[in-house]
K.L.:
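I am attaching a structure below and will ask some questions about it afterwards.
When reading the values below, keep in mind they use all heavy atoms of this one structure, side chains included, and skip hydrogens, waters and symmetry mates. Since the structure is predicted, the reported quantities are computational estimates derived from the model, not experimental observations.
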Amino acid sequence: MDAEQEQKQQQSVSEQKAIEAGEMGRTLEITPVTVTATANGDHQMEKQATDVEGSSPVKRRHATSNLEAATHLFKGSVGAGLFAMGDCFKNGGLAGATILLPIIAVMCVHCERMLIRGSVLAVERTPGATFFDYPETVEKCFEYGPRPLRRMSRIMKLIVEMFLCVTQFGFCAIYFVFITENLYQVLQQNGVDISMSMVMLITLLPAMIPSLMTNLKYISPVSAFANVALLFGLIATLSIAFSDGPMPPLGDRHLFTSGSQLSLFFGTALFSYEGIALILPLRNSMRKPENFSSRFGVLNSTMFFTTALFIFTGFVSYVRWGEDVAGSITLNLVVEDVLSQVVKVVAALGVFLGYPIQFFVMMKILWPPLKRSNSCAQKYPISMQVALRFVMVMMTFGVALVVPQLNLFISLIGALCSTCLAFVIPVLIDFVVRAQVPKGLGHWSYAKNLLILAVALLGIVTGTYQSIVEIIRQFK
């Protein structure tokens, strides 16, 4: 009887979470899901909505195949960071970046495997549970960990949610900057002489309208077009780079760079690889989840292909434009050329269409706790949610307005938030999980985790410091 009552309580909690998600829209509910990822971490977790008036259960729509999961993971990793690969290679050097990017990719995959392992063990130890997302995995791992760490479970969940929220907020602000810089060049070339701040203000209204919608089903159809637009922008940009005369000799480019530039490289690289929030939902959505992290499974294959694309894009971009390569390689296209103008507009449109979906991810984190703690939000949920969305759109606009350069903001977000999510938190999860087993934390595991933590902390401190220094220098 006790087990039956506990199961009913678990079901009641799941239904309550589904009802809350239903008021937010039909996406981003974690259990069970169909995931659709968009550029640079944009992801939708579409599910059949729970009827708020009734009590219909949450049902799985479609179990994804290996190819579908790989496609979603690829789309979730390729976006604004891909267009910043030229700047990444400028800061890392041709040889340095080519060597370091695969190393960072291997570290990311290893940490993602540790996250998956911790999530699976947490689900096994939780009666009635079928899946935990990133914040819940951290909470449960600490909750089942050594007694001194159990009190930290709730705090660790809040820390992960905070980093995820800040990362998504940074994505939204970066999107504003990306759109504005590309449109500004096109408008200036066609005789429209307005300031960059005014261009950003013009983009605010069309970005705000879809972001105020509380149901993502009205927004999600445009995500496919956004991905096509971004892919077209990349292919066209690289085609122009190859066709624009002979490539400069490799001797004119730096093979390796100094410490300060390497700090910026590290932040940009981690920003580009930031897809860790997709890992657990994608694995859970598969018909055979064990194929996700097998030796030649979805995770390894997709990260290999993504890393190869990053290296190719960054190498070609830096060789072509050298030290003049911009934070987005579309900005290096000759604006007088009509095709280049089309590429800039299409790339900006692709990023613009991804903004509401990125924004929705951030709201999924912010809205539920606000609703639970605020009586006015419970009484007027739609009105209060729209008001919160308006405030958050204006905040992303305000941050984008004061950011002097796109590449510096990408490095800052990557060094500060992406590094913690990709490296630090998974290592802490591994420490806690292994500490539950006698002699589970061997010398090799201990040394390996400490090495990852050392690299991560070095990247956080130096990358964040150097990004802030460069941003301040731009203001002077």
K.L.:
Could you give the distance from CZ (Phe292) to CG (Asn66), rounded to the nearest 0.5 Å?
P.N.:
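If I round to the nearest 0.5 Å, the distance is 10.0 Å.
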K.L.:
Could you give all pairs that pass the salt bridge (Lys or Arg N to Asp or Glu O under 4.0 Å) test and reach residues 416-435, with sequence neighbours left out?
P.N.:
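Listed by first then second residue: Arg117-Asp430, Asp430-Arg434, Asp430-Lys448.
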K.L.:
Please report the shortest heavy-atom distance between Cys165 and Met362, naming the atom on each side.
P.N.:
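Shortest heavy-atom contact: SG-CG, 3.7 Å.
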K.L.:
Might you work through the side chain to side chain contact (heavy atoms under 4.5 Å, CB included) test for Ile365 and Phe169, ending with a clear yes or no?
P.N.:
CA-CA 11 Å; Ile365 300 173; Phe169 184 91; over 6 Å; no
K.L.:
Between Ser243 and Ile240, is there a donor-acceptor pair closer than 3.5 Å when you use the side chain of the first and the backbone of the second?
P.N.:
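Yes, the answer is positive, given that a donor and an acceptor are paired below the 3.5 Å cut-off.
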K.L.:
How many angstroms lie between CD in Glu336 and CD in Gln185, if you round to the nearest 0.5 Å?
P.N.:
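Reported to 0.5 Å precision, the distance equals 9.5 Å.
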K.L.:
What distance do Ser195 atom OG and Tyr184 atom OH have between them, rounded to the nearest 0.5 Å?
P.N.:
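It is 7.5 Å, given to the nearest 0.5 Å.
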K.L.:
Taking the side chain as everything from C-beta on, heavy atoms only, tell me whether Leu453 gets closer than 4.5 Å to Val424.
P.N.:
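Yes, close enough: below the 4.5 Å cut-off.
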K.L.:
Could you measure the distance from the CG atom of Leu428 to the CD1 atom of Ile159? Nearest 0.5 Å is fine.
P.N.:
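Between atom CG of Leu428 and atom CD1 of Ile159 there are 9.0 Å.
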K.L.:
For the residue pair Leu204 and Phe176, establish whether any side-chain heavy-atom pair is separated by less than 4.5 Å.
P.N.:
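Leu204 reaches Phe176 side chain to side chain.
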K.L.:
Return yes if some donor-acceptor pair links the side-chain N/O of Thr203 with the main-chain N/O of Met200 below 3.5 Å, else return no.
P.N.:
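It does hold such a pair.
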K.L.:
So for atom CZ, which belongs to Phe304, do other residues, nucleotides or ligands contribute more than 12 heavy atoms lying within a distance under 6.0 Å?
P.N.:
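Result for CZ/Phe304: open.
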K.L.:
Would a 4.5 Å heavy-atom cut-off, applied to side chains only, mark Phe89 and Ile311 as touching?
P.N.:
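When only atoms from C-beta onward are counted, Ile311 and Phe89 do touch, with a gap below 4.5 Å.
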K.L.:
Indicate yes or no for a side-chain donor-acceptor contact from Gln188 to the backbone of Ile194 under 3.5 Å, with no hydrogens or angles considered.
P.N.:
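Answer holds: yes.
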K.L.:
Can you see which heavy atom on Asn332 is nearest to which on Ala326, and at what distance?
P.N.:
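Shortest heavy-atom contact: OD1-N, 2.7 Å.
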K.L.:
Short question: side chain of Lys344, backbone of Thr330 - any donor-acceptor pair under 3.5 Å?
P.N.:
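Flag set: sc Lys344 to bb Thr330 pair under 3.5 Å.
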K.L.:
Kindly determine whether Leu457 and Phe423 satisfy side chain to side chain contact (heavy atoms under 4.5 Å, CB included), including the steps that lead there.
P.N.:
CA-CA 9 Å; Leu457 293 177; Phe423 291 159; over 6 Å; no
K.L.:
Just verifying a value: how many Å separate Ile329 CD1 and Leu82 CG, rounded to the nearest 0.5 Å?
P.N.:
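Here the interatomic distance stands at 6.5 Å.
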K.L.:
Can you see which heavy atom on Lys90 is nearest to which on Thr257, and at what distance?
P.N.:
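Answer, listing the atom of Lys90 first, then Thr257: O-CG2, 3.6 Å.
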K.L.:
Is the backbone of Leu164 close enough, under 3.5 Å, to the side chain of Tyr134 for a donor and an acceptor to pair up by distance?
P.N.:
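Flag not set: sc Tyr134 to bb Leu164 has no pair under 3.5 Å.
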K.L.:
Tell me if a side-chain donor or acceptor on Tyr318 pairs with a main-chain N or O of His254 at a distance below 3.5 Å.
P.N.:
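It does hold such a pair.
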K.L.:
Checking the side chain of Ser467 only, and the main-chain atoms of Thr464 only, is there a donor and an acceptor separated by less than 3.5 Å?
P.N.:
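The answer is no, because no donor-acceptor pair under 3.5 Å joins these two groups.
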K.L.:
Grab the two heavy atoms, one from Glu136 and one from Phe131, that are nearest each other, plus how far apart they are.
P.N.:
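Taking every non-hydrogen atom into account, OE1-O, 4.3 Å.
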K.L.:
Rounded to the nearest 0.5 Å, what separation is found between the SG atom of Cys111 and the CE atom of Met107?
P.N.:
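Answer for the SG-CE pair, Cys111 versus Met107, is 6.0 Å.
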K.L.:
In terms of the angle between their ring planes, are Phe431 and Tyr446 parallel, tilted or perpendicular, with boundaries placed at 30° and 60°?
P.N.:
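Aromatic pair Phe431/Tyr446 classed perpendicular.
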K.L.:
Do Val138 and Ile429 come within less than 4.5 Å of each other through their side chains, counting heavy atoms only?
P.N.:
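The answer is yes; the side chains approach within 4.5 Å.
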K.L.:
Between Cys141 and Ala122, what is the shortest heavy-atom contact and its length?
P.N.:
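Smallest interatomic distance, heavy atoms only, reads SG-CB, 4.5 Å.
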K.L.:
Is the shortest heavy-atom distance from the side chain of Phe266 to the side chain of Thr462 under 4.5 Å?
P.N.:
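Answer no - side chains too far apart.
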K.L.:
Quick one, Ile104 and Phe265 - any side-chain contact, counting heavy atoms below 4.5 Å?
P.N.:
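Ile104 reaches Phe265 side chain to side chain.
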K.L.:
Within the side chain of Ser317, is there an N or O that forms a donor-acceptor pair under 3.5 Å with the backbone of Gly314?
P.N.:
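A pair under 3.5 Å: no.
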K.L.:
Between Asn190 (side chain) and Val186 (backbone), is there a donor-acceptor pair under 3.5 Å?
P.N.:
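Yes, the answer is positive, given that a donor and an acceptor are paired below the 3.5 Å cut-off.
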K.L.:
So do Arg113 and Asn300 actually touch side chain to side chain, heavy atoms under 4.5 Å?
P.N.:
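They are in side-chain contact.
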K.L.:
State whether the number of non-hydrogen atoms from other residues, nucleotides or ligands found under 6.0 Å of Met198 atom CE is greater than 12.
P.N.:
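Result for CE/Met198: open.
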K.L.:
For side chain to side chain contact (heavy atoms under 4.5 Å, CB included), just list the numbers for Leu282 and Val298, CA-CA rounded to whole Å, side-chain angles, deciding distance to a tenth of an Å, and then say yes or no.
P.N.:
CA-CA 10 Å; Leu282 274 175; Val298 172; over 6 Å; no
K.L.:
Ignoring hydrogens and geometry, is there a side-chain-to-backbone donor-acceptor pair from Thr419 to Ile460 under 3.5 Å?
P.N.:
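Not confirmed, Thr419 side chain does not pair with Ile460 backbone.
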K.L.:
Can Arg283 and Val120 be said to form a side chain to side chain contact (heavy atoms under 4.5 Å, CB included), step by step?
P.N.:
CA-CA 11 Å; Arg283 182 183 182 276; Val120 170; 3.8 Å; yes
K.L.:
Grab the two heavy atoms, one from Cys108 and one from Met303, that are nearest each other, plus how far apart they are.
P.N.:
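Smallest heavy-atom distance, with atoms named: CB-CE, 4.2 Å.
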K.L.:
How about Val399 and Met395: do any of their side-chain heavy atoms sit closer than 4.5 Å?
P.N.:
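Val399 vs Met395: side chains apart.
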